[in-house]
Structure formats: structure tokens, C-alpha cells
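Scroll down for the structure; my scribbles are underneath it.
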Amino acid sequence: MQYNYDFEIAALVVMTIVLLHFLFVRQFPTEKAKTYFKLLLVCIGECVFNILSCIGLADAAVVPEYWNELFAFAFFALEGLCSYYIFRYIMVICELVKRKNFLVKVVGILPFLFFELMVVLTPLNHFFYYFKDGVYYQGYGAWYGYAYISYYFLLNLVLVLIHRKVVHTRLKAIIFIYTVTAVGAIALQYLMRGLLLTSTANVIILLTLYLAMQNPDELLDTVTGMANEKAFLIQLKNMIENGEKKAIITVYIRHYHHITHMLGVENGNQILADVGTYLVKLCGKFHVFHNTEDTFIILVDSEKEKRYIEEQIRKRFLTGWSAQKNNVMLDMAMIVQYYPQDFSSISEYKNMWEYLLEYAKNAGNQTVFETNQQFLEKYRRRNKIEFAVKRALREKSFEVYYQPIYSLKEKRIVSLEALVRLRDEELGFISPEEFIPLAEKNGMIHQIGEQVLEECCKFLSKHVLSNESLGLQTIHVNVSAVQCLRQNLKETILNVLEKFHVPASMISLEITEGTAIRAPELMHKHMWELGKAGIHFALDDYGSGNANCSYLIRFPFREIKIDKEIVWAYFEDKSARIVLQNEISIMKQLGLPLIVEGVENKEQSEEMERLGVDYIQGYYYGRPMSELDCLRFIRKCNERQQS
Ligand code: C2E
Ligand code: CA
Ligand code: CA
């Protein structure tokens, strides 16, 4: 029979181009990329032997029969592999390989093993083909070849259908498209035996998969050209699944945003690319990842290698990095985590990583942060606190304590500051200084804020709006920066007030300098809207940050609360004294009432009074107290005043 192998040659050209592209781009070596590469090689091999067979058979008079037998043998062996590798590839992208499903494995491998066995036996039993007088004939089992290919197409389809929930829609579409086209090509060949279309079918599959699933940029970072965060997570997942022992070094560039701010984004990117190139040279291309903007991650196999890399990086960062004409020194910190000692899942790794990063951000000039015993204890405590906060929210068991704010002019308690308290069965009392920052990070602060405000409103409606007014004018409630970032802050607060029929004028919201200047536009909006409804604002912790006083007075604060540290420093240090005296004088001239915090004794109180302070909040006038204690305390204190 005369074979037409024109389509096979065209397919070979296309497959060679794909191969060259694959090698040129050098994909990140994931399981998916590795399987695709094997599939590509097998398809090319099959195509080459198919063409060689055709040439050999056409020139049977010249080509010795054993050559033709060899070509046919190789072609059939590779054809068997081809369908099997397509199936393997689908298993990899659907993540079925990792699930170790025994049944899938058996139905996947048995037909393949039988096919290859028959290929080996064919020279003896003429199953697939045989030669007679130099002429090629199809064997009695030729039908099995077609059935075999169709079986795998069907199996892939069934697998995708069974796992349709975890398989990406795009992948489902691709599999359906190539199956229909490839089955069409095979059917055509079955009807027109002389027309060879096997590789045409393969090339359709290879191209569709390559274009849709093997995007080489998917795992590369656009700024540095290195492997990206996604590539790292794939490696991390593999590492955990295979139980490979590794150290993970994060190289963190402190204050990177200052660099982009000063030198521009382009220079910043160039510096990152420079750092990336250095790290790749030091550790190898696929061992370094550009994770987030200011962090790089390195996977290291041994302790010795880890120490060497750490030392080299430390030394390199003692010199500058170039961006155009600038030579910039970078402040760097390295975080080291160990698998499997430190974590057993990706989420655990990430949790710990975030915690370490936070630590590294704020820890001065220390460069290496390892997960030692002391760290692990702190980290575990943090997780327990997070859990305790969740439970307290669920069970509504947060308590609100009230600390008196004393008016020096009226000589009585005029307001209270509401301070949240968390008591846990296992951890005991947890300071808000410990759990509030955590709740801000995981978003639980919104619910905490609402619960605290509700408690305050209940307190006001029960004790202050009732017959006994207690002489209280307002309750100060702390609002965190994260709460202020929400557009609907006004609605949330006013809804609670409405629910308990509390007039807005009885609530003073305390916000810090940092909060006000972080999102000034939004803060202005909130203050304007809530102010219109009657709510007051007090500037908390004044003097603890570095906010500009003239900038802050642009916000409509009703009162200023001076931070306790500043008050304490006043009694210790001459310069602090001068600063506070002047600040108080400025605020007085601006007509802003002043509250000082942290007054613990008579001497401090008298000195503050002498300076012209209006209100005092401190242990000297009362510690934060439970609702009942506070009520007793106010009654006693304000009664004494009246009498
Ligand atoms: P803050 O708003 O500056 O609250 C004043 C803190 O100073 C309170 O600590 C109070 O107990 C303490 N304090 C008051 N007078 C004295 C004194 O004379 N000496 C000393 N040594 N300390 C004094 P606390 O209750 O531990 O709260 C710490 C911080 O936690 C608060 O600082 C505030 O930033 C935050 N916080 C507390 N409750 C809430 C809340 O309901 N919501 C939000 N967002 N933050 C809260
Ligand atoms: Ca406060
Ligand atoms: Ca304060």
C-alpha cells in the first residue's frame, strides 16, 4: 500500500518548534512541565518512526526488511507510550497523581502494559503487524491499537467528569475540544488507511495543551524574571507531600517602599532584579523565588549549605546595589524556617512566616531570625490568643472595663474610657496590647469594636440615661485604624446607638495620630459624618507618634489625650519637660481641652494641673474597673464631691 505521510511531516515540524520553544524558555520544572516534556519527546519519536516506516516500506527493495521491522516495532512501542503519557499528563493537571487512587492507577496502567506486551510479542505472534516478502501487513490485533487510543481518550474524559469540581473549566473545555478533533482524525485514518494522521492527532493535543496549560510565564515574575510565588507554593506543596527535609530562607528587604518612594518604581524594580540575579547565581535558578515585592525565598537542602548561603548574603548586603546612577544600601533581614520541624502544612508555614516577618520588620538591625524554642513559644501563644479571641467573640465573653476621667475644674469624674478585657481559661488575663494588634490583622477588630460599643451603650442606657445620671457626660470608646478603613463606619456606629437609644453626644471616639494620618481623606469623611450626627472625637496617645501637630489640628478633634509615656518622661527628662510644656501651651491657645493619661500620684496630678491640663486619667484617680466596681466608685467619688 502507498502511504501518504505529508501530514506526519507537517506535524513533525510543528512538534519540533514546540520542543525548541520549550527548551528555549526553560520552564520551571514542575511535575506538569516534566510530564509534558516526556509526552512531547514520545510523540516526536513516534512521528519520526512512522515517517521512517513509510519511507522504508516505499523503498522495500533497497531497505533491508529488518530495518522496516525495527521501525515498525519502535513506532508501535512509542504509540503505546503516547496515549499513556497523555493520560499521565491529565492526571497531573487534575492533581490525581497525588491522590494515589488505586482504581485509577489500575485502569490507567493495565491497557498500556498489555499494549506494550503485545508490541514485544508481535514479531512472534503477528498481533499488530507482520512482514511477508518485504511487504507490511496489519496483524489480527490491529483493531486493538484503535481501541487502545479511544480507551484513553474516554478514560481522560471520564476522569475529568468525575473530578469536574476540582478541574478548571478551561481544562475541561480543552479536553473536550482535543478529544473530538483527535477522535475525528483517527476515524478518518481508519477509513482511509493510506492517509497517516496519528501525529496530526497528537499535534492537536500537544498544541492545545501547550498553549492553554503550559504558559511559561505563569510561574515567572515579571519584574525579576525569576520563579514567582506560585512556583514557590508548588515546590512547597511537593516538598510537604514528599516529606523532603529543607530549610527555607526568606530574604526580606526592609523599607523597600521607601526606596521606590525616593527613587521611583523603575529604579526599585532594577534593584530587585539585581538582588534576584545575585541570589540565583548563588543558589541556582530554580532554588530562588521572588515571593512578594520585598521578599525572596531560597530552598536549601542542608544545614551546611544554609550557613554558607546565609554568610554570603550577609556579606553581599554590606555593599550597595545599583540602580542607574544610584548605589543603594539595602537593609536586609533573613528568616529561616525548617521543614518538617516547624510546620506540617502550607497554611501553618504561611502563618508562621507572617509572624516572623512582622518580627523581622520591627527588630532593629538584627539580620537572622530563626525558629528557635523561644520563638516557637511566642508563636504558639499568639495562635492560642487568636483562638481565644475567636471564642470570646463567639461566646460574647469580652468584658468592658471603665476607667474614670477626672475633671480638675469640676473636681469630679465626668467621663469614662471603655477598655476591653479578655480572660481565657487557659491563658488567663490577656492584655489588649497583645490581642488588639492581632485582631486588627485578622479583621476580628470590627466585631470586637461593635461588641465593646454595644456594652458601653447598654451601660449608658441602664445607668446614665436612667434616673440616676451619675454625672457622666461621655464614654470614650477606642476605635482602631483598621475599623476606620471601613466605608460603613458611620452606619455601624449609629446603628448600635439607635438600638439602645443612646444620644450620639454621649460617645467620644478615641483615635490615634497614626490612624488619622494613614487615610486622611477617609478619616475626614468619617469625622464629618459622625460629627454631624453628634459624636465627638478625641485624639488619643498624642505625642507618642511623630505626627505633625499643625497637620492634626486640621481634623475636628474635640479633645486631646496626651500619651502616658510623655507624661512620665516629663518627670524624668528636661527636654521632655520643655516639649510637653510647649505642646500644652499650643493646645490651650487653640482652645482644645486636654486630658493627660498615666497620672499615678498626687505630685504628677498637681503638676499637670499647674500646667493647665483640664482632665486626668490615671491610676491616681482610678484604675480600669468592672461595670459594678466602676458604678460604686463613681457614686462614692461624685457624692463626696457634692457633699
Ligand atoms: P489606650 O487607649 O491608650 O488606653 C489607656 C491604657 O493606659 C489602658 O491600658 C489603661 O489601663 C492604661 N492606663 C491608664 N492609666 C494608667 C496609669 O496611670 N498607669 C499605667 N501604667 N497605665 C495606665 P489597657 O487597658 O491595657 O489598654 C491598652 C491599649 O489597648 C489601649 O491603650 C488601646 O490602645 C487598646 N484598647 C483597649 N481597649 C480597646 C478597645 O475596646 N478597642 C480598641 N480598638 N483598642 C482598645
Ligand atoms: Ca484610648
Ligand atoms: Ca491612650
Side-chain angles (χ1 to χ4, degrees), residues 385 389 392-393 396-406 413 415-423 429-457 459 474-486 489 492-493 496 507-516 518 536-545 547 557-571 594-605 607-608 613 615-627 629-630 633:
I385 291 177
V389 171
L393 275 177
K396 292 209 166 190
S397 60
F398 277 111
E399 282 176 77
V400 176
Y401 271 39
Y402 299 93
Q403 186 177 24
I405 297 177
Y406 187 83
I413 295 162
S415 336
L416 303 171
E417 175 172 5
L419 295 159
V420 67
R421 294 288 176 261
L422 172 59
R423 229 173 293 272
F429 173 75
I430 309 166
S431 161
E433 299 207 333
E434 213 177 350
F435 72 81
I436 293 282
L438 212 149
E440 285 181 328
K441 271 198 203 84
N442 62 20
M444 291 190 285
I445 190 70
H446 300 284
Q447 275 170 282
I448 297 181
E450 250 178 83
Q451 285 191 15
V452 169
L453 186 64
E454 281 204 7
E455 284 304 310
C456 292
C457 289
F459 177 90
T474 46
I475 286 196
H476 288 239
V477 179
N478 290 289
V479 182
S480 103
V482 178
Q483 284 172 275
C484 292
L485 289 178
R486 277 217 174 152
L489 183 73
T492 319
I493 291 176
V496 178
I507 298 292
S508 174
L509 298 179
E510 292 194 1
I511 61 169
T512 61
E513 307 174 75
T515 307
R518 205 164 300 164
H536 300 179
F537 280 87
L539 176 61
D540 201 3
D541 299 345
Y542 180 71
S544 62
F557 287 112
R558 284 285 190 96
E559 288 154 325
I560 308 293
K561 292 185 82 176
I562 294 176
D563 189 55
K564 49 185 180 292
E565 299 283 342
I566 309 291
V567 177
W568 295 336
Y570 177 92
F571 294 96
L594 282 172
I595 304 173
V596 292
E597 293 181 328
V599 170
E600 294 185 343
N601 55 46
K602 192 165 177 230
E603 181 212 345
Q604 290 174 343
S605 172
E607 184 61 11
M608 290 300 128
V613 160
Y615 304 97
I616 296 221
Q617 179 183 351
Y619 291 176
Y620 181 59
Y621 287 98
R623 288 177 177 254
M625 288 165 262
S626 69
E627 187 178 314
D629 288 345
C630 183
F633 187 85

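One-based numbering, in listed order, for ligands and for the atoms of each.
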message: Can you tell me if R423 has over 12 outside heavy atoms packed within less than 6.0 Å of its CZ?
response: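 Yes - once you tally the heavy atoms of other residues, nucleotides and ligands closer than 6.0 Å, there are more than 12.
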Ligand 1 atoms in contact with [X] (distance to a heavy atom under 4.0 Å):
X	answer
G618	15 (N), 18 (O)
V452	41 (O)
S480	44 (N)
E597	3 (O)

query: For atom 32 (O) of ligand 1, is some protein heavy-atom partner under 4.0 Å away?
result: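 It does not: no protein heavy atom is found less than 4.0 Å away from atom 32 (O) of ligand 1.
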query: Does any N, O or S atom of N478, backbone or side chain, fall under 3.0 Å from the Ca ion (ligand 2)?
result: yes
Taking every non-hydrogen atom, the tightest pair across [X] and [Y]:
X	Y	result
C456	V400	SG-CG1, 4.5 Å
Q451	L393	NE2-O, 3.2 Å
I616	M608	CD1-CB, 3.9 Å
F633	I413	CE2-CD1, 3.7 Å
L509	I493	CD1-CD1, 3.6 Å

Distance in Å, [X] [atom1] paired with [Y] [atom2], rounded so as to fall on 0.5 Å steps:
X	Y	atom1	atom2	answer
L438	I445	CG	CD1	10.0 Å
K564	I566	NZ	CD1	11.0 Å
S626	Y402	OG	OH	10.0 Å

message: Please classify the W568 to ligand 1 contact at 4.0 Å (heavy-atom distances, strictly less than): side chain, backbone, both or neither.
response: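 It is the side chain that gets close, since no backbone atom is under 4.0 Å.
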- prompt: Which is it for D540 and ligand 1 at heavy atoms under 4.0 Å: side chain, backbone, both or neither?
  reply: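 Near ligand 1, D540 shows its side chain, while the N, CA, C and O stay back.
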- prompt: What N, O or S atom of E510 is found closest to the Ca ion (ligand 2)?
  reply: OE1
message: Can you tell me which N/O/S atom of E417 has the shortest distance to the Ca ion (ligand 2)?
response: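 Checking each N, O and S atom of E417, the shortest distance to the Ca ion (ligand 2) belongs to OE2.
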Got the closest protein heavy atom to [atom], with its distance?
atom	result
atom 11 (O) of ligand 1	P624 CG, 3.3 Å
atom 7 (O) of ligand 1	K564 NZ, 2.9 Å
atom 21 (N) of ligand 1	E600 OE2, 3.1 Å
atom 34 (O) of ligand 1	N478 OD1, 4.8 Å
atom 38 (N) of ligand 1	V420 N, 3.1 Å
atom 3 (O) of ligand 1	D541 OD1, 3.2 Å
atom 26 (O) of ligand 1	P432 CG, 3.6 Å

query: Given H476, E440, E510, Q403, which one has a non-hydrogen atom that is nearest to atom 15 (N) of ligand 1?
result: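 Ranked by closest heavy atom to atom 15 (N) of ligand 1, first place is Q403.
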- prompt: Given Y621, Y401, Y619, which one has a non-hydrogen atom that is nearest to atom 13 (N) of ligand 1?
  reply: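 Nearest option to atom 13 (N) of ligand 1, by heavy atoms: Y619.
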- prompt: In degrees, rounded to 10 degrees, what angle do E597 atom OE1 and D540 atom OD1 make at the Ca ion (ligand 3)?
  reply: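 About 120° at the Ca ion (ligand 3).
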Under a heavy-atom criterion of less than 4.0 Å, does [X] contact ligand 1?
X	answer
G449	no
R421	yes
E417	yes

- prompt: What do you reckon, are the aromatic ring centroids of Y542 and F557 less than 6.0 Å apart?
  reply: no
Side chain Q403, main chain Q617, donor-acceptor under 3.5 Å: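 No; zero donor-acceptor contacts below 3.5 Å.
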Side-chain donor or acceptor of E513 paired with backbone N/O of G543 under 3.5 Å: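 Yes, because the side chain of E513 sits within donor-acceptor range (under 3.5 Å) of the backbone of G543.
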query: Is any N, O or S atom of D541 under 3.0 Å away from the Ca ion (ligand 3)?
result: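 An N, O or S atom of D541 is closer than 3.0 Å to the Ca ion (ligand 3), so yes.
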- request: Take R558 and S508, measure what side-chain contact (heavy atoms from CB on, under 4.5 Å) needs, and give me the verdict at the end.
  value: CA-CA 9 Å; R558 284 285 190 96; S508 174; over 6 Å; no
- request: Return yes if a side-chain donor-acceptor contact under 3.5 Å exists between E559 and Y615, otherwise no.
  value: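 No pair is found: no donor N or O on one side chain lies under 3.5 Å from an acceptor on the other.
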